Protein chains: 2
Amino acid sequence: MLDPASRVRRFNRAVTSAVGALDSSFLGRGRPLGAARVLNAIGHGRSDVAEIRDYLGLDSGLMSRLLRSLEDEGLIETTAREDDARRRMATLTRAGRREFTAYEALSNAQAEGLLAQHSQREALLAAMDLIASALTRERVTLEEMDPRCEQARYCLGEYYAELGRRFSQGFDVSLSRGPDAKDMRRPRGTFLVAMSDTLPIGCVGLKGTDHGYAEIKRLWVAPAARGLQLGRRLMDGAESAARELGIALLRLDTNSALPEAGRLYRSTGWREIPRFNDDPYPDLFFEKRL
Amino acid sequence: MLDPASRVRRFNRAVTSAVGALDSSFLGRGRPLGAARVLNAIGHGRSDVAEIRDYLGLDSGLMSRLLRSLEDEGLIETTAREDDARRRMATLTRAGRREFTAYEALSNAQAEGLLAQHSQREALLAAMDLIASALTRERVTLEEMDPRCEQARYCLGEYYAELGRRFSQGFDVSLSRGPDAKDMRRPRGTFLVAMSDTLPIGCVGLKGTDHGYAEIKRLWVAPAARGLQLGRRLMDGAESAARELGIALLRLDTNSALPEAGRLYRSTGWREIPRFNDDPYPDLFFEKRL
DNA sequence: CGCGATACCTGACTAAAGTCAGACATCATG
DNA sequence: CATGATGTCTGACTTTAGTCAGGTATCGCG
């Protein structure tokens with residue numbers, strides 16, 4: 001009654017019926033699921049027809065018919081793209097936006113309803129994050145972003161909060177050598193965010209310096225995404241970027257209160273070196289030649 | 001990017017495609033999904049046709065046709081029930097059992113494959129248990145069982161393990177007043193197990209005594225099922241059983257290291273009383289008149 | 001400009017799932 | 001034993017999703 005496979009299968013059964021309930025709530029608006037999915041994809045900002053078709057995995061004939069039916073309902077308009085008149089763009093009309101909003105409300109109500117049943121909301125949400133990250137693992141993308149953008153700032157906030165919990169003396173950003181945002185932008189460096197669907201679940205910064213090396217900073221992986229080798233992927237991404245930028249030597253500092261980080265560095269060709277800065281927080285220093 | 005509804009919806013999206021993959025793996029055996037689901041329901045021990053129809057939510061016409069197609073394939077046999085010839089029973093033939101086994105293998109392989117991706121198996125499984133319990137909350141049933149049966153023993157084992165973790169001095173069953181199994185069977189008492197799908201997720205014992213009262217023993221709720229008010233449901237069930245058995249006074253002992261239990265008792269009409277036994281573990285004693 | 005490639009559309013088709021009304025045998029009850 | 005209720009079956013039908021083979025307009029390139 002306890003073997004892992006049957007636990008997974010119990011989860012599958014539970015979730016199948018819950019997801020089925022969501023689907024059928026979408027049917028309540030008198031439109032088949034296929035059309036509703038296309039409408040929602042457009043509402044969520046996808047406008048290129050080929051992109052939607054690809055995202056939803058639809059045949060081009062079927063896609064065309066679904067677009068036609070939405071058009072007949074007066075919910076969308078399609079126009080040829082200016083730069084290539086073969087391709088088409090779909091946009092919501094006023095009525096389409098109303099309908100999309102109604103679907104959003106349904107979806108949110110369904111989500112809230114699911115949460116309302118449970119008194120330990122946060123535990124349930126954390127479990128969902130964990131599972132979503134595990135299931136979408138192969139669809140996690142690394143994206144170069146400005147270190148000041150919303151997603152990057154979210155990651156950094158979580159990172160600092162985690163250091164605060166893990167360091168016995170806490171963590172105060174202002175005491176640490178905060179890397180300047182422009183040092184983590186091309187061409188001096190870069191900043192990578194790991195995105196799972198629309199949620200940032202990890203980040204790493206490559207910070208250019210004037211000392212003949214670049215530094216790896218702010219490596220963070222969301223608790224829900226640990227165990228997926230994401231730290232390794234982020235480090236690989238940062239190293240590739242460094243090579244592209246013609247950087248030959250990398251350094252980083254870390255703390256022995258973060259043993260999993262130390263293990264990662266040691267197992268991927270980093271070599272411990274003496275202290276190379278006077279930041280009060282780190283007590284371990286590494287270097288890697290590319 | 002962090003509001004609860006969008007976290008739930010991200011989970012939904014992630015899980016929809018994973019569940020879709022399971023479904024399509026079932027299509028690999030050249031049979032439509034509907035027929036495969038019926039075959040699997042029969043394989044899992046459901047034989048009454050009306051029960052299967054109800055479980056799978058099928059129309060009786062459709063159900064009949066699916067049974068016919070499985071029969072034509074030589075996978076099942078249907079017979080009229082002896083006690084009511086209108087109702088029909090379906091059983092697997094030898095070929096049907098082979099086919100069912102193949103589906104089971106597919107299902108297990110799919111489950112294992114999902115787990116294999118993740119290095120923190122136990123965390124992933126715990127998250128799945130939590131979600132499955134939350135989603136199937138309204139389908140949790142309380143069942144009277146023999147305290148010696150497999151499900152009951154599993155619950156008790158988990159219960160003792162938890163006490164061992166929660167009590168600073170640990171917990172040794174042999175030092176505690178182990179209630180005799182026959183005191184927790186009708187007509188002296190009873191033993192209730194909360195079942196979610198096929199997994200036991202909680203229990204409570206009603207133990208008859210010769211002192212003019214009965215005792216509540218072994219109240220346990222699986223960690224994955226906490227926050228669902230299951231403790232309250234179990235206690236309600238035990239009290240109803242006590243009333244049926246003509247028991248007018250209930251007592252229980254507990255420990256202040258289990259504060260959630262104490263809160264539950266106080267909020268449901270239990271009154272603290274002086275120590276009424278010499279068990280070394282409890283330090284709190286309650287009574288409730290029915 | 002001509003030509004193959006590309007993006008989308010249309011028509012014809014199929015499979016699966018499901019609905020509904022009525023037929024038929026059996027059951028419980030007065 | 002007549003009667004209405006129940007469980008199953010059958011035939012006729014619909015909806016949805018999806019496939020496939022052309023058809024048409026447009027694009028990039030020699």
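So you know, we letter chains A, B, ... as the sequences are listed, proteins then strands, and number each from 1. If you're wondering where the values come from, they're calculated on a predicted model, not measured in any experiment.
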Rounded interatomic separation in angstrom, taking [atom1] from [X] and [atom2] from [N]:
X: A:D84; N: D:dC27; atom1: CG; atom2: P; result: 6 Å
X: B:R65; N: D:dG7; atom1: CZ; atom2: P; result: 19 Å
X: B:L62; N: C:dC20; atom1: CG; atom2: P; result: 13 Å
X: B:D54; N: D:dG7; atom1: CG; atom2: C1'; result: 13 Å
X: B:F26; N: C:dA16; atom1: CZ; atom2: P; result: 17 Å
X: B:L33; N: D:dT16; atom1: CG; atom2: P; result: 19 Å
X: A:L58; N: D:dC20; atom1: CG; atom2: P; result: 15 Å
X: A:L67; N: C:dC8; atom1: CG; atom2: P; result: 9 Å

Donor-acceptor side-chain pairing of A:D3 and A:S6 below 3.5 angstrom = yes
What nucleic acid atoms does [X] come within less than 4.0 Å of, heavy atoms only: base, sugar-phosphate, or nothing?
X: A:R53; value: sugar-phosphate
X: B:R68; value: sugar-phosphate
X: A:D59; value: base

query = According to a strict under-4.0 Å criterion, is B:R87 in side-chain N/O contact with OP1 or OP2 of C:dC27?
reply = no
query = Below 3.5 Å, does any donor atom in the side chain of A:R86 face an acceptor in the base of C:dT6, or the other way round?
reply = yes
Contact nearer the 5' end of DNA chain D, comparing A:G61 with A:P32 = A:P32
A:L27 side chain reached by A:L33 side chain, heavy atoms, under 4.5 Å = yes
Do [Y] and [X] meet the salt-bridge criterion of a basic N to acidic O distance under 4.0 Å?
X: B:R185; Y: B:E144; result: no
X: A:R81; Y: A:D48; result: yes
X: B:E104; Y: A:R9; result: yes

request  = By nearest nucleotide on DNA chain C, pick out whichever of B:A85 and B:R37 is the more 5' one.
outcome  = B:R37
